[in-house]
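Numbers for residues simply follow the sequence, beginning at 1. Heavy-atom basis, side chains included; hydrogens, waters and symmetry copies ignored.
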Amino acid sequence: MSKIEKSLEINITHELLSLADSFWWFLQPVSLKRYWRPHWRFPLMQTPTAVASGLPISLEGKPGGGYDICIHSSPNFIGGNPRLLFMQFKAGVHKDYNTNSKSIFYGTTTTKNAHVEFDVNSNKKRDQHRLLKTLATSAGNGNAVVYVFPRIVDEKQIQQFSGKLLARTTFISISDIDIKAAKNGITIDDGNPHKFRTCYNDYDRNEMNLLLLLLGKQPDPGGFIGEVFAIRMYRAFHALRQSLLDDFPLSKTHIMDAVIRHVLNIARHFEISLSVMIEAFAPYDQFSDRLNYVYEYDNIPGVYYTEQKNNQYLAGVFNDIMTAFSKYLYWIEEMQFVDLENIPIPPSNYSINLSNNGINFKVQVDNTDLDFSSEDLEQITYTLL
């Protein structure tokens, strides 16, 4: 793994988990908002647990005999067993244009068509894509492995966009790419290096080469991020339930305000306009009413927002995050009093729910052992949420 790729892995994973757990902060008594409003009193809660690591906690086997992958569970996760996610980070390079006239990024020295280019099937044997597909299938969830394509090409840009890396990153599952390829009668074969190209500004403008497969608009650009956020919100509600004391009476509006401020923080991160955020809360009457109060009390439009033209891709990411939150918003609105029982289960489109014994599986295809190297497997990041 290159230095830039490792830097992207560390910083993007940190940013993803930090933004997901910002909801925890809004439920804490250390918030300045609660310091100046003594009636906003929440109990001290256990700090959440999340683990980001390289793949093999335990990797057994030999080339030609397959590999047994064992990822252990942990008793420290609030609200049940951890969820497992796999990510294959890619570092891109800047390209002024592509010389293939059939490419959507075709250009010349005088007519530039700038984009970022990523290598797929970049390992020595050019079979990385099949390895990732096999890993997802063997683990029991075809969406459980995602490519991570940041539109960041050097260390300087990592510093420049620090804290805003998620807004410049596409998460796309191996399954989504294969489904799109199959519809076009294409397979991503072993032995060939491929290129994923994407525009710096129009995130739906992309292609996979050597095949010039136009991936186009993702069906759920924020589905992966939304699931991560929903899992962490689920654990925060469990921690709050465990920490409630008679000395800390809560009203429903306290919880609603924490949710609103969390969503506000996410919207600011993805540079979502105020109008889009208001529209996202429109299906929830009580939240919409509370939103108006928060605006009036805190002067949020003037302090936090200037209305701007939305990046449609990022607006889609934000709306997918709100979809992942929807069951929690409806659940809160249905409460008459604070009742933290029956907390809704977060989605599991991309994650694997670990049992008490963790997960143990062999990387195989059709019961046939594959000659994947441990080096290839160690390039894959996993996260426990």
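In terms of modelled atom types and a separation under 3.5 Å, the side chain of Arg197 and the main chain of Ile104 share no donor-acceptor contact. Looking only at distances, a side-chain donor or acceptor of Ser7 sits under 3.5 Å from a matching main-chain atom of Lys3. The main-chain N or O of Val153 is found under 3.5 Å from a side-chain atom of Gln157 such that the two form a donor-acceptor pair. Judged by distance alone, with hydrogens and angles left aside, the side-chain atoms of Asp96 form no donor-acceptor pair with the main-chain N or O of Lys112 at under 3.5 Å. In this structure a side-chain-to-backbone donor-acceptor pair under 3.5 Å is present from Ser288 to Phe281. Looking at Glu15, its side chain does come within 3.5 Å of a backbone N or O of Gly163 through a donor-acceptor pair. For Asn121 (side chain) and Arg126 (main-chain N/O), a donor-acceptor pair under 3.5 Å exists by modelled atom type. Put simply, the side chain of Glu227 gets close to the backbone of Asn349: a donor and an acceptor are under 3.5 Å apart.
Judged by a 6.0 Å distance limit and a 45° cone about the ring axis, Arg261 is not positioned over the six-membered ring of Phe26. Note that Arg83 lies outside the cation-pi zone of Phe77, set by a 6.0 Å cut-off to the ring centre and a 45° limit from the axis.
Clustering ILVMFWY residues whenever any of their side-chain heavy atoms sit less than 4.5 angstrom apart, transitively, puts Ile179 in a cluster other than the one holding Phe196. Residues Ile345 and Leu340 share a hydrophobic cluster, clusters being chains of Ile/Leu/Val/Met/Phe/Trp/Tyr side chains in contact below 4.5 Å. Taking hydrophobic clusters as Ile, Leu, Val, Met, Phe, Trp and Tyr residues chained together by side-chain heavy-atom distances below 4.5 Å, Met208 shares a cluster with Tyr200. Residues Phe161 and Ile10 fall into different hydrophobic clusters, defined by Ile, Leu, Val, Met, Phe, Trp and Tyr side chains chained together at heavy-atom separations under 4.5 Å. Under the 4.5 Å side-chain heavy-atom criterion for grouping Ile, Leu, Val, Met, Phe, Trp and Tyr, Val116 is not connected to Tyr97 through any hydrophobic cluster.
With a 4.5 Å cut-off on side-chain heavy atoms, Leu314 and Tyr203 count as touching. Considering only heavy atoms from C-beta on, Ile172 stays 4.5 Å or farther from Val146 through its side chain. For the pair Leu84 and Asn141, the minimum side-chain heavy-atom distance is 4.5 Å or more. Contact of the Glu271 side chain with the Asn311 side chain is not registered, since no non-hydrogen atoms from C-beta on lie closer than 4.5 Å. Taking the side chain as every heavy atom from C-beta outward, Leu135 and Ile174 never approach each other to under 4.5 Å. Using a 4.5 Å cut-off on side-chain heavy atoms (C-beta onward), Pro346 and Met233 make no contact. By the 4.5 Å heavy-atom criterion applied to side chains, Ser348 and Asn353 are not counted as neighbours.
Asp119 has no carboxylate O lying under 4.0 Å from a charged side-chain N of Lys90, or vice versa, which leaves the two without a salt bridge.
Under the rule for a side chain to side chain donor-acceptor pair (under 3.5 Å), the partners of Lys252 that lie at least two apart in sequence or sit in another chain are Gln286. Take Phe325 and apply the ring-ring contact (aromatic ring centres under 6.0 Å, His included) test, not counting sequence neighbours, and it matches His262. Looking at residues two or more places apart in sequence or on another chain, you find a ring-ring contact (aromatic ring centres under 6.0 Å, His included) between His238 and Tyr234. Applying the ring-ring contact (aromatic ring centres under 6.0 Å, His included) test to Tyr330 and every residue at least two apart in sequence or in another chain returns Tyr284. Looking at residues two or more places apart in sequence or on another chain, you find no salt bridge (Lys or Arg N to Asp or Glu O under 4.0 Å) involving Asp202. Under the ring-ring contact (aromatic ring centres under 6.0 Å, His included) criterion, Tyr328 pairs with no residue, sequence neighbours left out.
To the nearest 0.5 angstrom, Gln312 atom CD is 9.0 Å from Asp204 atom CG. Between Asn11 atom CG and Gln159 atom CD the span is 9.5 Å, to the nearest 0.5 Å. Atom CG of residue Asp289 and atom CE of residue Met256 lie 8.0 Å apart, to the nearest 0.5 angstrom. Residue Ile260 holds its CD1 atom at 6.0 Å from CZ of Phe287, rounded to the nearest 0.5 Å. With rounding to the nearest 0.5 Å, the separation of CZ in Phe318 from CG in Asp320 is 11.0 Å. Rounded to the nearest 0.5 Å, atoms CE (Met322) and CD1 (Ile272) are 11.0 Å apart.
Of all heavy-atom pairs between Ile158 and Ile152, the closest is CG1-CG2, 3.6 Å. In terms of heavy atoms, Glu333 sits closest to Asp285 at OE2-N, 3.3 Å. Considering every non-hydrogen atom in both Ala136 and Gly142, the closest pair reads CB-O, 3.7 Å. Counting all heavy atoms, side chain and backbone alike, Glu9 lies closest to Thr13 at O-OG1, 2.7 Å. The nearest pair of heavy atoms linking Ile225 to Phe270 is CD1-CZ, 4.2 Å. Here the shortest heavy-atom pairing between Arg235 and Leu385 reads NH2-O, 2.9 Å.
Atom NZ of Lys95 has 12 or fewer neighbouring heavy atoms from other residues, nucleotides or ligands inside a 6.0 Å radius. Enclosure of atom CD in Glu279 is not indicated, since only 12 or fewer non-hydrogen atoms of other residues, nucleotides or ligands lie within 6.0 angstrom. The environment of Lys217 atom NZ is sparse: at most 12 non-hydrogen atoms of other residues, nucleotides or ligands sit within 6.0 angstrom.
Checking Phe118, Phe89, Phe171 one by one against Phe149, the ring pair (Phe, Tyr, Trp, His ring centres under 6.0 Å) holds for a single residue, Phe118.
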- Query: What's the verdict on side chain to side chain contact (heavy atoms under 4.5 Å, CB included) for Phe105 and Glu117, showing C-alpha distance, side-chain angles and the deciding distance?
  - Reply: CA-CA 10 Å; Phe105 297 106; Glu117 185 176 272; over 6 Å; no
- Query: Would Thr170 and Arg151 count as a side chain to side chain contact (heavy atoms under 4.5 Å, CB included) if you check the C-alpha gap in whole Å, the side-chain angles of each, and the deciding distance to 0.1 Å?
  - Reply: CA-CA 8 Å; Thr170 291; Arg151 293 163 179 80; 2.9 Å; yes
- Item | Derivation of the side chain to side chain donor-acceptor pair (under 3.5 Å) call for His115 and Asn98 | CA-CA 9 Å; His115 58 281; Asn98 188 268; 5.0 Å; no
- Task: Take Ile177 and His129 through the test side chain to side chain contact (heavy atoms under 4.5 Å, CB included) and record every step on the way to the result.
- Result: CA-CA 10 Å; Ile177 291 177; His129 185 81; 4.2 Å; yes
- Task: Apply side chain to side chain contact (heavy atoms under 4.5 Å, CB included) to the pair Leu16 and Phe229, showing each step before the final yes or no.
- Result: CA-CA 8 Å; Leu16 176 68; Phe229 288 4; 4.0 Å; yes
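Using modelled atom types and a 3.5 Å distance limit, the side chains of His94 and Asp154 yield no donor-acceptor pair. Under the 3.5 Å distance criterion, with hydrogens and angles disregarded, no donor-acceptor pair is assigned to the side chains of Ser173 and Ser175.
Taking the six-membered ring for Trp, Phe23 and Phe237 have ring centres closer than 6.0 Å.
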